[in-house]
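Note on naming: letters A, B, ... go to the chains in the order of the sequence lines (proteins, then strands), and numbering restarts at 1 for each one. This one's a predicted model, so the numbers in the text were calculated from it and none came from an experiment.
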Protein chains: 4
Amino acid sequence: MARGINKVILVGNIGQDPETKFMPSGGAVTNVSVATSESWKDKNTGQPQERTEWHRVVFFNRLAEIAGEYLKKGSKIYVEGSLRTRKWQGQDGQDRYTTEIVASEMQMLDGRGGDSNQGGYDQGGYDQSQPQQRQPAAQQRQAPQQNQAPQQGGYQQAPQQQPQQPQGGGFDSFDDDIPF
Amino acid sequence: MARGINKVILVGNIGQDPETKFMPSGGAVTNVSVATSESWKDKNTGQPQERTEWHRVVFFNRLAEIAGEYLKKGSKIYVEGSLRTRKWQGQDGQDRYTTEIVASEMQMLDGRGGDSNQGGYDQGGYDQSQPQQRQPAAQQRQAPQQNQAPQQGGYQQAPQQQPQQPQGGGFDSFDDDIPF
Amino acid sequence: MARGINKVILVGNIGQDPETKFMPSGGAVTNVSVATSESWKDKNTGQPQERTEWHRVVFFNRLAEIAGEYLKKGSKIYVEGSLRTRKWQGQDGQDRYTTEIVASEMQMLDGRGGDSNQGGYDQGGYDQSQPQQRQPAAQQRQAPQQNQAPQQGGYQQAPQQQPQQPQGGGFDSFDDDIPF
Amino acid sequence: MARGINKVILVGNIGQDPETKFMPSGGAVTNVSVATSESWKDKNTGQPQERTEWHRVVFFNRLAEIAGEYLKKGSKIYVEGSLRTRKWQGQDGQDRYTTEIVASEMQMLDGRGGDSNQGGYDQGGYDQSQPQQRQPAAQQRQAPQQNQAPQQGGYQQAPQQQPQQPQGGGFDSFDDDIPF
DNA sequence: TTTT
DNA sequence: TTTT
């Protein structure tokens with residue numbers, strides 16, 4: 001249940017191939033960066049200006065699997081979700097904050113999706129509202145990786161349960177501290 | 001002009017009285033924190049849980065003046081805007097990032113607004129898209145203040161004019177105190 | 001699954017007490033009209049103008065019960081939903097079309113809701129995405145009523161199944177032809 | 001100024017080439033139908049079902065010119081706008097109502113736009129909020145055409161001024177009764 | 001880092 | 001009437 005409205009709508013292209021990881025529960029987590037941009041003319045010089053905004057989008061469970069499988073660098077997508085700001089500790093021990101969009105719906109907007117569309121995926125919309133805890137095959141847990149200086153923050157501790165869309169499985173604890 | 005869609009819609013209550021500052025240009029800048037929350041029952045224990053999300057919202061120019069004048073701690077508002085992540089330097093010299101919602105529209109959702117509603121303000125919606133250069137009065141520029149440990153970042157320098165909604169005219173100086 | 005996005009967001013006041021009816025399946029259906037308005041100054045005469053738009057909103061099942069129980073004339077609400085245009089036959093046998101917003105989420109925006117808030121309803125948000133087919137007690141079917149010149153159309157025939165949010169119960173046929 | 005929020009967001013394909021007409025003021029008006037669809041499985045039979053919703057979208061002025069020039073049957077677009085229900089008289093003298101989305105923003109979502117992109121149009125987003133009353137050249141008024149049995153209504157009388165986005169030019173009266 |  |  002919600003008190004208030006916390007809604008984000010994005011249409012943009014993703015900057016890199018998505019990264020999918022798995023939670024101990026088996027649920028997938030996929031992160032992408034989505035670019036939107038604004039262009040305008042400088043009022044004084046008349047010079048064209050452009051500013052690109054990068055949005056960290058995180059998908060869970062079924063949406064994460066779809067995102068991980070079908071999106072790739074350059075894909076144009078529609079994303080609907082909510083804002084969540086996570087607190088984490090920098091290597092200097094200081095608190096950092098990262099704001100992400102937790103996706104609740106995603107649609108691919110690219111035309112004919114090349115080779116990505118075999119296998120029964122019918123290029124429609126995916127809504128987390130009817131989660132069908134599908135256990136992805138071959139979900140070998142990723143080996144711990146070096147903390148790669150996240151753009152604007154990253155998990156340092158096990159992430160909190162995300163309340164947005166309560167899932168069937170557990171979701172509780174990560175056994176290492178470099179979750180995704 | 002935009003490439004892509006970058007849209008945020010919030011309905012929530014503001015956590016503190018707004019803070020309005022002025023840019024060198026004379027344009028107002030008002031910051032508020034807006035709370036939205038989610039509640040759910042823990043799947044295992046059945047315990048009720050709640051998570052409150054705080055959103056940093058920034059208003060510019062006319063909207064900033066209205067926000068500064070009429071909003072107060074606890075006000076319920078509708079906000080529409082876009083996400084912007086700013087980079088700033090922590091006191092340790094390290095880069096920090098703060099994500100804010102740059103408001104393009106705001107509406108007060110509280111009932112008859114007590115004493116805030118005399119003076120011709122008719123409790124409607126405010127949209128930055130049709131700026132009607134109204135000259136507000138008596139807004140002595142705030143004295144420089146100490147950098148008060150921002151929640152998740154803050155201006156370090158005088159804020160830049162926000163390119164989001166380029167204004168046609170100057171917008172620089174206000175000379176009287178009756179904004180609208 | 002969706003192809004494309006069909007989303008409506010309204011914030012407005014309802015014009016009359018809601019009307020709740022029940023489907024043969026027992027599911028509730030509540031209709032309200034929501035007003036939004038625009039005001040502006042005539043470019044030539046400078047006269048203030050106002051236009052109020054009325055939106056037909058329909059709630060199903062749990063949302064319908066909540067709407068029917070807690071909303072009343074004048075209530076300010078947030079509604080999110082999708083557009084649906086229904087075809088029906090006028091008494092002259094001609095086709096008519098009515099466009100409605102099928103609500104998927106609703107929040108009451110009024111302050112402490114007077115006496116409407118006892119009974120466990122905690123004035124939050126209601127989302128149809130986790131339907132908990134509650135069988136409303138005392139759902140005596142309303143007696144057929146006169147077709148009261150609907151604002152912009154009304155069901156003449158049994159309404160089609162609404163695919164938006166598939167429900168558990170049947171939903172198929174009404175045994176009278178003035179459903180709501 | 002707005003009291004309340006009246007917002008529609010669509011992503012879909014247009015069903016036919018757009019039709020652009022011009023108002024006496026010279027402002028363009030373009031209409032398109034946008035399809036969105038939902039598919040699901042019948043709960044009883046398990047049969048796949050689909051429902052397509054058609055949305056009447058109207059663009060004014062600059063957006064209308066862009067829509068008229070660059071959109072074509074099958075184009076995928078993002079549209080943001082507001083709902084407006086118009087009243088008109090059927091040929092039987094009876095009132096009819098048609099609900100449309102008055103677009104305030106449009107973006108083309110198709111990939112490289114084929115031949116439509118020469119001439120300086122840079123395939124970005126178009127926002128009516130900074131109207132730059134461009135007088136389209138060669139805007140020979142369309143000859144009156146037969147009232148082609150509109151899908152769900154059509155103007156019979158001169159349309160009212162559309163208050164949404166007040167424009168600079170006149171906008172007042174049509175000299176024939178089959179406006180668009 | 002995308003896209004135009 | 002689109003699209004898959």
ask   = Is there a donor and acceptor pair closer than 3.5 Å between the side chain of T52(D) and the base of dT2(F)?
value = yes
query = Checking only heavy atoms, does the side chain of S75(D) share a donor-acceptor pair with the base of dT2(F) at less than 3.5 Å?
reply =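 For S75(D), whose side chain was compared with the base of dT2(F), there is no donor-acceptor pair (under 3.5 Å).
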Between [atom2] of [N] and [atom1] of [X], the distance in whole Å:
X	N	atom1	atom2	answer
M108(D)	dT4(E)	CE	P	12 Å
K73(D)	dT2(F)	NZ	P	5 Å
L109(A)	dT4(F)	CG	P	12 Å
D110(D)	dT2(F)	CG	P	15 Å
Y97(C)	dT1(F)	OH	C1'	13 Å
I77(D)	dT2(F)	CD1	P	15 Å
E50(A)	dT2(E)	CD	C1'	11 Å
N13(D)	dT4(F)	CG	P	7 Å

note = Contacts of D92(A) meeting side-chain contact (heavy atoms from CB on, under 4.5 Å) (sequence neighbours excluded), chain-then-number -> Q94(A), R96(A), D92(B), Q94(B), R96(B)
key: Electrostatic pair R84(B):E53(A) at N-O distance under 4.0 angstrom   =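 Result for this pair is no, no salt bridge flagged.
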request  = May I ask you to decide whether E50(D) forms a salt bridge with R3(C), counting only side-chain N to carboxylate O separations under 4.0 Å?
outcome  = no
query = Which nucleotide in the list dT1(F), dT4(E), dT2(E) gets nearest to the side chain of R3(B)?
reply = dT4(E)
query = Which nucleotide sits closest to the side chain of S33(A): dT2(F), dT1(E), dT3(E)?
reply =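 Of dT2(F), dT1(E), dT3(E), dT1(E) is nearest to the side chain of S33(A).
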task = List for me each residue that meets side-chain hydrogen bond (donor to acceptor under 3.5 Å, both in side chains) alongside K76(A), sequence neighbours excluded, and say none if there are none.
result =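 Expected list: none.
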query = Would W54(A) count as stacked on dT1(E) if the rule is ring centres under 5.5 Å and plane angle under 30°?
reply = yes
